[in-house]
Amino acid sequence: MNKVYSHKDVEERIYQEWEEKGYFAPEVNPKGKPYSIILPPPNANAPLHFGHAMYVIEDILVRFNRMMGKSVLWLPGADHAGFETQFVFEKKLQAQGKSRFDYDREELYRMIWDFVQGNRPVMENQLKRLGFSLDWNRKKFTLDKDIIKIVHQTFKNLYDDGLVYRAKRLVNYCTHDGTSFSDLEVIYEERKNPLYYIKYGPLVLATTRPETKFGDTAVAVHPDDKRYKEYIGKELDIETVLGKAKIKVVADEMVDPQFGTGVVKITPAHDFNDFEVAQRHNLPMVQVIGFDGKMNEKAGKFEGLFAKQARKIIVGEMEKKGLIEKIDENYIHRIGLCYKCKNPIEPLPLEQWFIKMEPLAKPAIEAVRSGKIKIYPKNMDKLYFQFLENIKDWNISRQIVWGIRIPAWQCVRCAQNQKYNNSTIQQSNNDGWIVTSGEIPEKCSTCDSTDLIQDNDAFDTWFSSGQWPFATLKTSKPGDFEKFYPTTVLETGYDILRFWVARMVMLGEYEARQVPFENIVLHGLVNDPLGKKMSKSKGNAVNPIELVDEYGADAVRFALVYGTALGNDQSLSYPKLEAMRKFTNKLWNMARFIDMNRTQNSKVKTQNNLTIEQLSNLAINESDKAMIEKTAKLTKGITTLLEKHDFNHAAQGLYDFIWHEFADIYIENVKNRIDENSFLILNSLFLILLKLLHPFMPFVTEEIYKRLWSKKDHLIISKWPSFAKASEG
RNA sequence: GGGCAUUUAGCUCAGUGGUAGAGCGCUUCGUUUACAUCGAAGAUGUCGGGGGUUCAAGUCCCUCAAUGCCCACCA
């Protein structure tokens, strides 16, 4: 054995051996108790980012349980990541001077498909470099035909159960990216924008968006506001930049008398609050901004201007006409932005598919409250409840081509008969829509017309990934769903608890009739060495594979779980990576020491692995006896910690014991008195430690096993050490 | 406006009511054969501030402060 451990000569070779032997498949332990984890499918649009390296937690669990003799399935996959992938692809197009408008739907879809297929092997290879023992024969993609079929069916079932409806509502719309979003995808930032005080006849009101005034269908005051009591219910004659107009005054609790002048303009088509006020007071809705972000014909001479440009010009004209009382230039408020392109979200009225969430959220809340699903770390359940207890209906329509197209067709004839009046707010299912589980309907079920048009929209990606646990298991190998559902653990970053985890619980309970997993394990985020969030655009993102190259996968894996409490964020630490690399080298040299002390006689005996019990009977020397006892205790401790998902303490316990107990004290002690008997003990104890460490550092432990014990067998499928003789406490 | 997390050695962070811990860094010493990617010894802490409970508090309770994150319709 070489004096220095070189991970580069070991890792890829070992991984290949494992994979070729089929060790990653549950069939390795066919009779074992099922244990399953579905890998959170990484986005297929880019190489792995550092967060993906945290999936090491799953590999630790998977390897531990495999050694415990369970039938372990860890199923890999990739997410088409609808809008995000289309966004990334559009940037590529942009770099070539092209845009999505240069291609038709099919062409664009095919181009993105090819792009994604090119990325997938890169991503998969990176997961392998980290040593993840995923069953690659079962890998799934969210756009596999059989997965799409399941997603369609779920949608159809929800529709038939009245849990999906189509409605024209205000949605979060990004006029830059040309699609709507769910509430979760809007981020909020503080911005300084002028607050304009505008004269509306006898009243003055404050607004940040004067350009939407052509869509005003009322002004509102608080019902108890004495200042304005006389105006309530009356119509005001007002002067505007487009001439004279009339506007109604309504009273609504939503108005805060303390803010501005206590008068609010009501623009139902462009503000979420106003939309609700309009519903309460039966006010008409007038859309003045189009989906291209430009003012429409309702804005008269301002038509064609982008809303932001129009604002300046309109304010200018208002000032000339004396309609502006004052402008507060230092007004700070929070505005909604597109989480991807950071342009302001424009609330716009649009017909979309919505899922009624409350009936789905209730059982999901109950599943965690009752303990059917356990969350680690425990305090994260607050995030979960907070989301589900205040849940709103989910807009699942996206105006994108990259994704699963919604299996809904509209009958042209029926639609014309019940055409939406732009000035009313409607919610209806009876407007000529036909929802199927994927197949193209032959004719309209109401009027028999064959003039049907499919909805252009695709599902929100999270709608399909929300079905991932049952969709994958129902389509991987026959019997997988029956054997592995519900899965044992869902492990992911806490940042997608609401986006993904909560939705999986809801959709899993709905469609698969059972919770999708028994345990939720949440890890924290990995920040850069200065504690700042890693991001590509900021340029501080670290490629995990570069670190694997430099320090070895074992060191990277160990550094990520050592010294960080589960669920806490951590900053990438190069000294820690270096320390863990040294630990792999230390192990290597412990192995060298043992290897060098092997005599001809012991070569035969150490073929058989001795259990703690056998070792206890063998031990004569007092410090041997003590070490056997300590190792048994450690085994028990590590086992318990892993069962409790306490990876940090398991890692620390192993590190401290192996280095500072076993190497610094025990090996130093044995060194001077080594004989046949003590060698057998030393050798066997070391193997126990290698096994305990294997889930954390699979490569170096496997390589040592190969050198010292067996060229044929592998540690990965060896039996977890027993600790029957460990004393209590 | 709510909620959550964090605050422990110079730095990065563990800490499960019972004599303050690790890694890196620092000081001194040590290389004839497991490892200098090492070993031995050592220095460094009013555990954010202030109250309280307890025989005993870094740990439990209250309060204040700083930092970070999440949620919320203030036009």
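Letters A, B, ... mirror the listed sequences (proteins, then strands); counts begin at 1.
The side chain of A:Asn585 lies closest to B:rU37, out of B:rU37, B:rU12, B:rA72. Listed nucleotides B:rC74, B:rC70, B:rU37 differ in distance to A:Tyr331; the shortest reach to its side chain belongs to B:rC74. Distances from the side chain of A:Lys382 to the nucleotides B:rA14, B:rU37, B:rC4 place B:rC4 closest. Of the candidate nucleotides B:rA34, B:rA14, B:rA75, B:rA34 has the atom nearest to the side chain of A:Arg592. Distance from the side chain of A:Met590 is smallest for B:rA34 among the nucleotides B:rC73, B:rU12, B:rA34.
Side chain of A:Asp274 to main chain of A:Thr267: a donor-acceptor pair is present (N/O by atom type, distance under 3.5 Å, no hydrogens or angles). A:Asp569 contributes a side-chain N or O that, together with a main-chain N or O of A:Leu525, makes up a donor-acceptor pair within less than 3.5 Å.
Protein atom CZ of A:Phe583 is 12 Å distant from nucleotide atom P of B:rC38, rounded to whole Å. A straight line from CD of A:Glu276 to P of B:rC74 spans 12 Å, rounded to a whole angstrom. If you measure from atom OH of A:Tyr666 to atom C1' of B:rA34, you get 15 Å, rounded to the nearest angstrom. Taking atom CZ of residue A:Phe662 and atom P of nucleotide B:rA34, one finds them 15 Å apart after rounding to whole Å. Rounded to whole Å, the distance from CG on A:Asn379 to P on B:rA5 is 5 Å. The CD atom of A:Glu189 sits 11 Å away from the P atom of B:rC69 (whole-angstrom rounding). Across the protein-nucleic acid pair, A:Leu195 atom CG and B:rC74 atom C1' stand 11 Å apart, rounded to whole Å. Whole-Å rounding puts the A:Leu708 CG to B:rA34 C1' distance at 11 Å.
Residue side chain A:Glu668 reaches the base of B:rA34 through a donor-acceptor N/O pair under 3.5 Å, judged by distance alone. For A:Lys3 and B:rC35, a side-chain-to-base donor-acceptor distance below 3.5 Å is absent, hydrogens and geometry of angles not being considered.
For B:rC35, the OP1/OP2 oxygens have no side-chain nitrogen or oxygen of A:Trp659 closer than 4.0 Å. When the side-chain nitrogen and oxygen atoms of A:Lys671 are compared with OP1 and OP2 of B:rA34, one or more of them lie within a distance under 4.0 Å. Residue A:His649 places no side-chain N or O under 4.0 Å from the OP1 or OP2 atom of B:rU16. Residue A:Lys392 places at least one side-chain N or O under 4.0 Å from the OP1 or OP2 atom of B:rC73. Taking side-chain N and O atoms only, A:Asn568 has a distance below 4.0 Å to OP1 or OP2 of B:rA14.
In this structure, A:Tyr655 and A:His660 have perpendicular ring planes: the angle between them is above 60°, well past the 30° mark. A tilted orientation is assigned to the rings of A:Trp500 and A:Trp462, their planes being inclined by 30° to 60°. Ring geometry, A:Phe259 versus A:Tyr331: the interplanar angle exceeds 60°, so the pair is classed perpendicular (tilted spans 30 to 60°).
If you check B:rA72 for Watson-Crick or wobble pairing at under 3.5 angstrom, you find it has no partner at all. In this structure, B:rU6 forms a base pair with B:rA66, meeting either the Watson-Crick or the G-U wobble geometry with both donor-acceptor distances under 3.5 Å. Under the Watson-Crick and G-U wobble criteria, each requiring two contacts below 3.5 Å, nucleotide B:rC13 is paired to B:rG21. Checking B:rA40 for Watson-Crick or G-U wobble geometry (two distances, each under 3.5 Å) identifies B:rU28 as its partner.
Among the heavy atoms of the strands lying under 4.0 Å from A:Asp664 are primed sugar atoms or P, OP1, OP2 only; no base atom is included. A:Arg498 comes within 4.0 angstrom of the backbone, heavy atoms only, and of no base. At the heavy-atom level, A:Ala565 lies under 4.0 Å from the strands shown only through sugar-phosphate atoms. Residue A:Ile667 is in base contact, counting any heavy-atom pair closer than 4.0 Å across all strands shown. Contacts of A:Ala591 with the nucleic acid, taken as non-hydrogen atoms under 4.0 Å apart, are absent. Counting any heavy atom pair closer than 4.0 Å across all strands shown, A:Asn648 reaches sugar-phosphate atoms only and no base atom.
Crowding of A:Glu358 atom CD: a count of heavy atoms from other residues, nucleotides or ligands under 6.0 Å not exceeding 12.
Using modelled atom types and a 3.5 Å distance limit, the side chains of A:Asp554 and A:His7 yield no donor-acceptor pair.
Toward the 5′ end of RNA chain B lies the nearest nucleotide of A:Asn589, the other residue of the pair A:Tyr188 and A:Asn589 mapping further downstream. Heavy-atom nearest nucleotides on RNA chain B were determined for A:Ile594 and for A:Asp183, and the one closer to the 5' end corresponds to A:Ile594.
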Review point. Going 5' to 3' along nucleotides 19-26 of chain B, which nucleotides have protein heavy atoms under 4.0 Å from the base (write B), which only from the sugar-phosphate (write S), and which from neither (write -)?
Key: ---SS---

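Nucleotides B:rC11 and B:rG49, compared at atom P, are 16 Å apart to the nearest Å. Taking the C1' atom of each, B:rC64 and B:rG23 are spaced 34 Å apart, rounded to whole Å. Separating the P atom of B:rU59 from that of B:rC24 is a span of 29 Å, rounded to the nearest Å. Using atom P as the reference point in both B:rC61 and B:rG18, the two lie 15 Å apart (nearest Å). Comparing B:rG48 with B:rG58, their C1' atoms sit 12 Å apart, to the nearest whole Å. For the P atoms, the distance from B:rA75 to B:rA66 is 25 Å, rounded to whole Å. Rounded to a whole angstrom, the distance from the C1' atom of B:rU19 to that of B:rA56 is 12 Å. Going from the C1' atom of B:rU53 to that of B:rU63 covers 15 Å, rounded to whole Å.
The stretch residues 253-267 of chain A comes close to RNA chain B through A:Val255, A:Asp256, A:Phe259, A:Val264, each having a heavy atom under 4.0 Å from the strand.
Note on residues 196-227 of chain A: pairs passing ring-ring contact (aromatic ring centres under 6.0 Å, His included), not counting sequence neighbours, are A:Phe214-A:Phe302. Within the structure, salt bridge (charged side-chain N to carboxylate O under 4.0 Å, His left out) pairs that include any residue of residues 191-206 of chain A comprise A:Glu189-A:Arg191 (at least two apart or interchain). Residue pairs satisfying the salt bridge (charged side-chain N to carboxylate O under 4.0 Å, His left out) criterion with at least one member in residues 258-268 of chain A, sequence neighbours excluded, are listed as follows: A:Asp216-A:Lys265.
The two residues A:Glu703 and A:Trp588 come nearest to each other via the heavy atoms CG-CZ3, 3.7 Å.
Applying the salt bridge (charged side-chain N to carboxylate O under 4.0 Å, His left out) test to A:Lys630 and every residue at least two apart in sequence or in another chain returns A:Glu661.
Using a cut-off of 4.0 Å between Lys/Arg side-chain N and Asp/Glu carboxylate O, A:Asp595 and A:Arg592 are scored as not salt-bridged.
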